Amino acid sequence: MTANLLDFDLDGLAAFCETLGEKRFRATQLYRWIHQRGACNFDEMSDLAKSLRAKLHAVARIEGLPVISQHESADGTIKWLFDVGQGNAVEAVFIPEDDRGTLCVSSQAGCAVGCRFCSTGHQGFARNLSTGEIVAQLWFAEHFLRRHLQTQDRVISNVVMMGMGEPLQNYAALVPALRTMLDDHGYGLSRRRVTVSTSGVVPMMDRLGLDCPVALAVSLHAPADALRDNLVPINRKYPLSELLDACNRYLEHAPRDFITFEYCMLEGVNDQPEHAALLIDLVRRHGGSGVPCKFNLIPFNPFPQSGLRRSSQAQVQAFAKLLSDAGIVTTVRKTRGDDIDAACGQLAGDVRDRTRVEVRIARQRSVVVLPASVGGAA
Ligand code: SAH
Ligand code: SF4
C-alpha cells in the first residue's frame with residue numbers, strides 16, 4: 001500500500017521524504033504542489049526531478065475522497081457529501097460571505113457524544129477520519145472553488161471544525177490536519193481563522209492549547225449541569241465548572257482572547273429569561289473573574305425524531321438582548337443553506353440507506369451528482 005501524502009503535515013512529509021533519501025526542501029516543494037496548487041499527479045510537478053517523480057509513483061499517492069454529491073443552495077452555500085467507505089459519508093459545507101469564505105469540515109463519520117439536538121449524534125459513531133480524510137475536504141473544496149470561480153486566489157479564508165463529529169475525540173488525526181491548514185506552505189490560514197468546536201472534552205482542550213492553539217468554540221447549550229447532562233451527555237464526565245476552568249486555561253495559549261460559546265436555541269428547553277440570567281451569572285462569576293467569551297446563538301435546526309422545536313425568532317432576539325445588555329457580545333447565527341440540509345446539525349451523512357438519501361436528494365432543485373472520480377487519486 002502506498003502512502004497517501006494528504007496524511008502528512010510538513011514535518012511528516014519531510015520525514016517521509018527522508019526515507020527516500022530526499023532533503024527537506026524537496027518535501028516543501030511537494031507539499032506546495034499538493035496544497036497550494038491542488039496537484040494530484042506527480043507528473044505535473046515539473047520542478048521535481050524525473051527520478052524523484054518515478055520514486056514517488058512507486059511509494060506514494062495523493063488521494064482525495066470520492067464526491068457522492070454536490071448541492072448548491074440559493075444563498076451560495078455549497079455542500080459536498082464525500083464517501084468514506086463502508087456505507088459511510090461525511091459532509092463539508094462552504095459558506096461564502098462578503099469578507100470571507102468559510103469551510104465547515106467534518107472530523108468523524110458519526111459522533112459518539114450523542115447530543116439530543118444533533119442529527120449526527122442520533123446517527124451514532126462509525127469511525128474516526130484520518131488526517132488525510134480531514135485535509136481532503138479542504139484540499140478538494142479550495143481547488144474546486146478556484147476552478148469554479150476562475151481565480152488563482154485563495155477562496156477559503158476560514159475553517160471551522162463544525163461538521164460531523166467531535167474533533168477532540170479524534171485528536172491524533174486532527175492536529176496534523178490543523179498544522180496543514182496553518183502552514184505557510186500549506187493553506188496559510190491564521191490561527192484566529194481556524195476554529196475547533198468541541199462539546200467539552202476537557203483533557204484534550206488542554207492538549208490542544210499546548211500542541212496547536214487555534215480559535216476555540218465550546219458548545220455550551222445549557223447554563224446548569226442538570227440540563228446540560230441531558231442535552232450534551234459528555235457533561236456527566238466533564239461538568240460545567242471543569243469545562244469553564246479548561247476554557248480559562250485554554251485562553252492562556254489561544255490566538256484570540258475569548259472563547260466562543262455556541263448555544264443552540266431549543267423552544268421551552270433552554271431559551272427562557274431565567275436561563276439567560278443563569279448563563280450571565282455563570283460566565284461572569286465562574287472562578288471569581290468569569291470567562292472572557294462571546295455567545296453565538298444557533299436557532300435549532302429540526303430533524304425528524306428529535307422531539308425538539310426551534311425557539312421563535314422573537315425568543316431568540318429577546319435572549320440575545322438579555323446577554324448583550326449584560327455586556328456579553330452576542331450574535332445570532334444566520335441559518336444558511338437550510339434548503340439543502342447544510343445547516344448546523346443537519347449533516348446526517350449516513351448513506352447506508354441509499355434509497356432514503358436518493359429520495360431526499362431528488363427533492364432538491366440544485367442537485368449536481370458528480371462522478372465518483374472527482375475526488376481524484378494520483
Ligand atoms: N462536535 C462539535 C462540533 C460539531 S457540531 C461540537 O459539538 O461542538 C457544531 C455545532 O452545531 C455545535 O455547536 C452543535 O451543538 C451545533 N448543532 C448540532 N446540532 C444542531 C442542530 N440540530 N441545530 C443547531 N445547531 C446544532
Ligand atoms: Fe457530536 Fe457535536 Fe453533534 Fe454533539 S453536537 S453529537 S458533539 S457532533
Side-chain angles (χ1 to χ4, degrees), residues 90-93 95 102-129 134 137 158-171 174 177-178 194-202 204-205 208 214-222 227-238 243 246-247 250 259-267 269-271 293-311 316 319 331-338 341-350:
V90 297
E91 285 165 317
V93 182
I95 306 144
T102 302
L103 188 71
C104 177
V105 170
S106 295
S107 58
Q108 300 180 311
C111 182
V113 177
C115 300
R116 269 193 53 200
F117 49 83
C118 173
S119 68
T120 306
H122 277 244
Q123 189 185 302
F125 177 67
R127 69 169 175 87
N128 278 329
L129 299 187
I134 297 172
Q137 299 167 58
N158 296 59
V159 170
V160 293
M161 297 301 306
M162 293 184 187
M164 298 168 68
E166 170 47 60
L168 295 187
Q169 287 188 338
N170 186 14
Y171 191 79
L174 174 72
L178 295 176
V194 174
T195 301
V196 167
S197 174
T198 182
S199 56
V201 190
V202 164
M204 295 299 137
M205 290 165 66
L208 188 68
V214 292
L216 188 69
V218 171
S219 294
L220 202 59
H221 308 310
L227 181 57
R228 195 163 190 273
D229 282 350
N230 185 266
L231 295 175
V232 187
I234 201 172
N235 194 69
R236 296 174 203 151
K237 197 161 180 194
Y238 306 112
L243 177 59
C247 289
Y250 192 86
I259 300 284
T260 302
F261 286 127
E262 294 161 277
Y263 196 93
C264 178
M265 298 293 290
L266 301 163
E267 188 180 71
V269 174
N270 65 355
D271 66 347
C293 63
K294 293 186 180 173
F295 266 83
N296 191 210
L297 305 182
I298 316 172
F300 170 59
N301 290 305
F303 58 94
Q305 297 106 36
S306 74
L308 297 161
R309 284 185 309 270
R310 176 190 291 193
S311 306
V316 175
F319 200 88
T331 50
V332 176
R333 189 172 299 171
K334 276 183 277 175
T335 12
R336 297 284 304 258
D338 32 358
D341 276 10
C344 293
Q346 291 184 317
L347 306 178
D350 191 344

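Any value given below was found using the heavy atoms of this structure, including those in side chains, with hydrogens, waters and symmetry copies removed. Read the numbers this way: they start at 1 and go in the same order the structure lists the ligands and their atoms. As the structure is a computational prediction, the values presented were derived from the model and not from experiment.
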Strictly distance-based, threshold 3.5 Å: is any side-chain N or O of [X] a donor or acceptor partner for the main-chain N or O of [Y]?
X	Y	result
Asn158	Val194	no
Tyr263	Asp271	no
His122	Arg116	yes
Arg228	Ala222	no
Thr120	Gly110	no
Glu91	Met164	no
Asn128	Ser107	no
Ser106	Gly163	no

(request) Not counting sequence neighbours, which residues clear salt bridge (Lys or Arg N to Asp or Glu O under 4.0 Å) with Arg127? List them please. (result) Glu133

(request) Would you name the heavy atoms of Pro167 and Leu174 that are closest together and state the gap between them? (result) O-CD2, 3.8 Å

(request) Kindly give the heavy-atom pair with the smallest separation between Gln169 and Gln108, and that separation in Å. (result)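 Minimum heavy-atom separation between Gln169 and Gln108: O-NE2, 3.6 Å.
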
Nearest heavy atom to [atom] wins, so pick from [options].
atom	options	result
atom 13 (O) of ligand 1	Ser219, Pro302, Cys111	Ser219
atom 15 (O) of ligand 1	His221, Arg310, Met265	His221
atom 17 (N) of ligand 1	Phe300, Phe303, Phe117	Phe117

Tell me whether [X] reaches ligand 1 (any heavy atom closer than 4.0 angstrom to a ligand atom).
X	value
Gly163	yes
Gly121	no
Met161	yes
Met164	no

(message) With nothing but distance in play, are any N or O atoms of Ser197 less than 3.5 Å from an N or O of ligand 1?
(response)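 So ligand 1 has an N or O lying under 3.5 Å from an N or O of Ser197.
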
(request) Ignoring angles and geometry beyond distance, decide whether Ile298 reaches within less than 3.5 Å of ligand 1 through its nitrogen or oxygen atoms. (result) no

(message) Are Phe300 and Phe117 an aromatic pair, judged by ring center distance below 6.0 Å?
(response)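 Not close enough - the centres of the two rings lie 6.0 Å or further apart.
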
Which bit of [X] is near ligand 1, meaning a heavy atom under 4.0 Å away: side chain, backbone, both or neither?
X	result
Thr198	backbone
Asn301	both
Glu262	side chain

(request) For atom 2 (Fe) of ligand 2, find the nearest protein heavy atom and state the residue, atom name and distance (0.1 Å precision). (result)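 Among all protein heavy atoms, the one nearest atom 2 (Fe) of ligand 2 is Gly165 O, 4.5 Å.
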
(request) Identify which protein N/O/S atoms are less than 2.8 Å from atom 4 (Fe) of ligand 2. (result)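 Under 2.8 Å from atom 4 (Fe) of ligand 2 - ignoring waters, which are not counted - the protein N, O or S atoms are Cys115 SG.
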
I'd like to check which ligand 1 atoms, numbered from 1 as shown, lie under 4.0 Å from a non-hydrogen atom of [X].
X	value
Cys118	18 (C), 19 (N)
Cys264	23 (N), 24 (C), 25 (N)
Gly165	1 (N), 2 (C), 3 (C), 4 (C)

(message) Using the rule given for side chain to side chain donor-acceptor pair (under 3.5 Å), can you reason through Thr260 versus Asn296, listing the C-alpha separation, both sets of side-chain angles and the distance that settles it, and then say yes or no?
(response) CA-CA 7 Å; Thr260 302; Asn296 191 210; over 6 Å; no

(request) Starting from the C-alpha separation in whole Å, work towards a yes-or-no answer on side-chain contact (heavy atoms from CB on, under 4.5 Å) for Val160 and Val105. (result) CA-CA 6 Å; Val160 293; Val105 170; over 6 Å; no

